[in-house]
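Just so you know, residue 1 is the first one in the sequence shown, and it goes up from there. Worth saying up front: this structure is predicted, and the values here are computed from it rather than measured.
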Amino acid sequence: MVKYGLDYTRCRWILPLLLGIGVIFGIIALAGRGWLESQTLPYVQQASLWQSCRRPQQGGDWTCESLMGYAWGRAAAATYLVGFILLVICFALAIIAFAIDTLRFNFIRGIGGLLFVAAVFSIMGLVIYPVKFTSEIEMTGINMFSWAYGFGWTTAIMEICLGFFFCCLPNYEDQILGNVKPTYFYSSP
């Protein structure tokens with residue numbers, strides 16, 4: 001990306017595209033019912049960020065309990081949701097920043113800082129949830145934190161990595177804008 005510059009049409013939208021993928025992963029984590037699931041038959045437990053469902057026997061009806069009745073459930077949902085909202089704001093700002101012909105590199109660095117704040121909130125929610133869930137809710141059988149919880153961690157890791165990219169990109173401002181004279185390593189005899 002630095003070699004061709006941000007004006008190179010294929011490279012200009014890579015970072016906003018990755019932010020968009022992070023937003024999609026965050027939506028999957030927020031809406032997914034697979035934060036915690038039973039690992040073996042009979043499947044008796046399934047939980048999302050919002051509720052915990054349990055089934056007494058194979059083929060029985062699921063009974064669900066809202067996690068919003070617990071203070072830790074509200075805290076986990078709120079912190080992860082704040083991180084997700086900040087990610088969506090960063091996505092919108094990145095679209096605006098890269099759509100403008102003259103890039104504002106300090107604006108791009110601010111997006112990176114906001115991504116780090118979003119990652120902190122997301123990680124807080126992702127740590128509160130399993131610690132308090134396993135200590136306060138009775139679990140039956142062998143359970144595992146599953147695919148939706150993994151999408152949540154993927155979103156947090158993407159926020160951190162993209163935060164580094166957005167913060168470090170202004171360091172290469174001259175190379176990106178083509179203001180650097182090329183260096184040749186060939187010397188004539």
By side chain to side chain donor-acceptor pair (under 3.5 Å) - contacts of Ser146 (at least two apart)
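Side chain to side chain donor-acceptor pair (under 3.5 Å) list for Ser146, sorted by chain: Glu37.
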List the atom of [X], the atom of [Y], and the distance in Å for their closest heavy-atom pair.
X      : Y      : result
Thr155 : Gly26  : OG1-N, 3.2 Å
Gly32  : Trp147 : CA-CH2, 3.7 Å
Gly113 : Cys167 : N-SG, 3.8 Å

Could you give all pairs that pass the salt bridge (charged side-chain N to carboxylate O under 4.0 Å, His left out) test and reach residues 116-132, with sequence neighbours left out?
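The answer is Lys132-Glu136.
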Taking salt bridge (charged side-chain N to carboxylate O under 4.0 Å, His left out) as the cut-off, I'd like each qualifying pair that reaches into residues 115-129, sequence neighbours left out, listed once.
none
Under a 4.5 Å cut-off applied to non-hydrogen side-chain atoms, are [X] and [Y] in contact?
X      : Y      : answer
Trp13  : Pro16  : yes
Met158 : Ile21  : yes
Leu67  : Ile137 : yes
Cys53  : Arg55  : no
Phe166 : Cys90  : no

For residues 76-89, which side-chain N or O atoms pair as donor and acceptor with protein atoms under 3.5 Å away, sequence neighbours left out?
residue : atom : partner : partner atom : Å
Thr79   : OG1  : Ala75   : O            : 2.9
Thr79   : OG1  : Ala76   : O            : 3.2
Thr79   : OG1  : Gly125  : N            : 3.2

Separation between CG of Leu19 and CD1 of Ile111, rounded to the nearest 0.5 Å
8.0 Å
Strictly distance-based, threshold 3.5 Å: is any side-chain N or O of [X] a donor or acceptor partner for the main-chain N or O of [Y]?
X     : Y     : value
Arg74 : Met68 : yes
Trp50 : Leu30 : yes
Ser52 : Glu65 : no

Looking at residues at least two apart in the chain, or sitting in another chain, which of them share a ring-ring contact (aromatic ring centres under 6.0 Å, His included) with Trp72?
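With neighbours one apart ignored, the set is Tyr70.
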For Phe151, all residues meeting ring-ring contact (aromatic ring centres under 6.0 Å, His included), sequence neighbours excluded
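Checked Phe151 against ring-ring contact (aromatic ring centres under 6.0 Å, His included); matches are Phe25.
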Show the atom names and distances, to 0.1 Å, of all donor-acceptor pairs under 3.5 Å that link a side chain in residues 115-124 to residues at least two apart or in another chain.
residue : atom : partner : partner atom : Å
Ser122  : OG   : Ala118  : O            : 3.0
Ser122  : OG   : Glu159  : OE1          : 3.2

Met144-Trp35 co-clustered via ILVMFWY side chain contacts under 4.5 Å:
no
List in chain and number order the residues that pass side chain to side chain contact (heavy atoms under 4.5 Å, CB included) with [X], two or more places apart in sequence or in another chain; answer none if no residue qualifies.
X      : result
Ile24  : Ile28
Phe145 : Leu36, Tyr129, Pro130, Thr134, Tyr149
Cys161 : Ile157

Return each pair, listed once, that meets side chain to side chain donor-acceptor pair (under 3.5 Å) where at least one residue sits in residues 18-34; pairs must be two or more places apart or across chains.
none
